[in-house]
Engineer: 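Dropping the structure in here first, questions after.
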Amino acid sequence: MHRTDSYHHGLRIQHTLYPTAYLLRLAGDTDSTGSEVAAAFHHAAAWELPLIVDLSALGFGDGELLRHLLHAYQDGLTLVGPVSDSFQHRLDTTGVTDLFTIRPTLHAALDSPGHPRL
């Protein structure tokens, strides 16, 4: 397991590379962090591993984050929650809530199909 952290305008992005999955953990708010979030998803995709995005410490998630999640969904994606009320509202109002698999813990996400337990 290899982990790196970065901080951008109120958002902490933690990258963790596992042998069978790539984890992005987002903490804070994604408002005004579009290029940093884009870079994080691009970096994660380069590993060609199943992606897990932990949103349990996310406060505000903007439309740009949702766009990246929808793109990652096409390649296989598991989310870790609970998802904040404001981001859940965004998922609900855009009609995409049912697209995503949201697990209550990282361990549950790693136990999901396509993510063998580490």
Side-chain angles (χ1 to χ4, degrees):
M1 175 176 72
H2 176 73
R3 189 176 103 190
T4 59
D5 291 14
S6 59
Y7 300 90
H8 310 279
H9 308 285
L11 178 69
R12 181 174 142 213
I13 302 173
Q14 183 181 78
H15 298 257
T16 307
L17 177 62
Y18 291 98
T20 60
Y22 195 95
L23 170 68
L24 282 179
R25 181 171 283 140
L26 305 177
D29 300 319
T30 62
D31 192 29
S32 303
T33 59
S35 62
E36 291 85 1
V37 171
F41 275 86
H42 179 74
H43 183 78
W47 287 95
E48 297 182 357
L49 289 169
L51 179 61
I52 298 171
V53 179
D54 185 340
L55 301 176
S56 62
L58 181 73
F60 176 79
D62 61 7
E64 188 70 16
L65 171 61
L66 180 56
R67 187 176 70 77
H68 290 292
L69 292 173
L70 287 169
H71 185 265
Y73 163 78
Q74 297 171 10
D75 297 323
L77 171 70
T78 302
L79 302 179
V80 176
V83 177
S84 70
D85 290 342
S86 67
F87 196 66
Q88 185 65 56
H89 179 72
R90 182 176 300 277
L91 294 174
D92 293 341
T93 58
T94 56
V96 299
T97 303
D98 293 337
L99 290 179
F100 298 108
T101 300
I102 303 174
R103 301 290 184 215
T105 66
L106 176 58
H107 290 299
L110 290 169
D111 283 341
S112 297
H115 298 279
R117 184 150 175 104
L118 303 173

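Atoms considered below: every heavy atom in the structure, side chains included; atoms not considered: hydrogens, waters and symmetry mates.
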Engineer: How close do Leu51 and Ala72 get, counting heavy atoms only, and between which atoms?
Structural biologist: CD2-CB, 3.8 Å
Engineer: Please walk me through it: do Ile13 and Leu26 pass side chain to side chain contact (heavy atoms under 4.5 Å, CB included)?
Structural biologist: CA-CA 5 Å; Ile13 302 173; Leu26 305 177; 3.9 Å; yes
Engineer: Keeping Ser84 on the side-chain end and Phe60 on the backbone end, is there a donor-acceptor pair under 3.5 Å?
Structural biologist: no
Engineer: Roughly how far, to the nearest 0.5 Å, is the CZ atom of Arg25 from the CG atom of Leu106?
Structural biologist: 6.0 Å
Engineer: Quick one: does any side-chain atom of Thr97 pair with a main-chain N or O of Leu91 as donor and acceptor, under 3.5 Å?
Structural biologist: yes
Engineer: Walk me through whether Leu65 and Phe87 qualify under side chain to side chain contact (heavy atoms under 4.5 Å, CB included).
Structural biologist: CA-CA 10 Å; Leu65 171 61; Phe87 196 66; 4.0 Å; yes
Engineer: Taking all heavy atoms of Asp62 and all of Thr30, pick out the closest pair and write down the distance.
Structural biologist: N-OG1, 2.8 Å
Engineer: Give a yes or no answer on whether the side chain of Arg90 reaches the backbone of Gly61 with a donor-acceptor pair at less than 3.5 Å.
Structural biologist: yes
Engineer: Are Val96 and Leu69 packed together at the side-chain level, in the sense that at least one heavy-atom pair is separated by less than 4.5 angstrom?
Structural biologist: no
Engineer: Give the C-alpha distance, both sets of side-chain angles, the deciding distance and a yes or no for side chain to side chain contact (heavy atoms under 4.5 Å, CB included) between Leu49 and Leu17.
Structural biologist: CA-CA 9 Å; Leu49 289 169; Leu17 177 62; 3.5 Å; yes
Engineer: Write down the atom of Gly81, the atom of Ser56, and the distance for their closest heavy-atom approach.
Structural biologist: O-CB, 3.5 Å
Engineer: Taking all non-hydrogen atoms of both residues into account, name the closest pair between Ile52 and Ala21 and its distance.
Structural biologist: CD1-CB, 4.1 Å
Engineer: Find the distance between CD (Gln74) and CG (Leu99) and round it off to the nearest 0.5 Å.
Structural biologist: 10.0 Å
Engineer: Side chain to side chain contact (heavy atoms under 4.5 Å, CB included) for Arg103 and Thr78? Distances and angles first, verdict last.
Structural biologist: CA-CA 7 Å; Arg103 301 290 184 215; Thr78 302; 3.7 Å; yes
Engineer: Quick one: OG1 on Thr94 to NE2 on His89, what's the gap to the nearest 0.5 Å?
Structural biologist: 9.5 Å
Engineer: For the pair His15 and His43, name the ring-plane relationship: parallel under 30°, tilted 30 to 60°, perpendicular over 60°.
Structural biologist: perpendicular
Engineer: Going from OG1 on Thr105 to CG on Asp111, what distance comes out if it is rounded to the nearest 0.5 angstrom?
Structural biologist: 8.0 Å
Engineer: Distance check, rounded to the nearest 0.5 Å: Phe41 atom CZ versus Tyr22 atom OH?
Structural biologist: 11.0 Å
Engineer: Measure the CD-CD distance between Glu64 and Glu36 for me, rounded to the nearest 0.5 Å.
Structural biologist: 11.0 Å
Engineer: Taking Ser86 for the side chain and Gly59 for the main chain, is one N or O donor matched with an acceptor at less than 3.5 Å?
Structural biologist: yes
Engineer: Gln88 and Val83: which non-hydrogen atoms are nearest, and at how many Å?
Structural biologist: N-CG1, 3.7 Å
Engineer: Compare all side-chain heavy atoms of Tyr73 with those of Thr101 and state whether any distance is below 4.5 angstrom.
Structural biologist: no
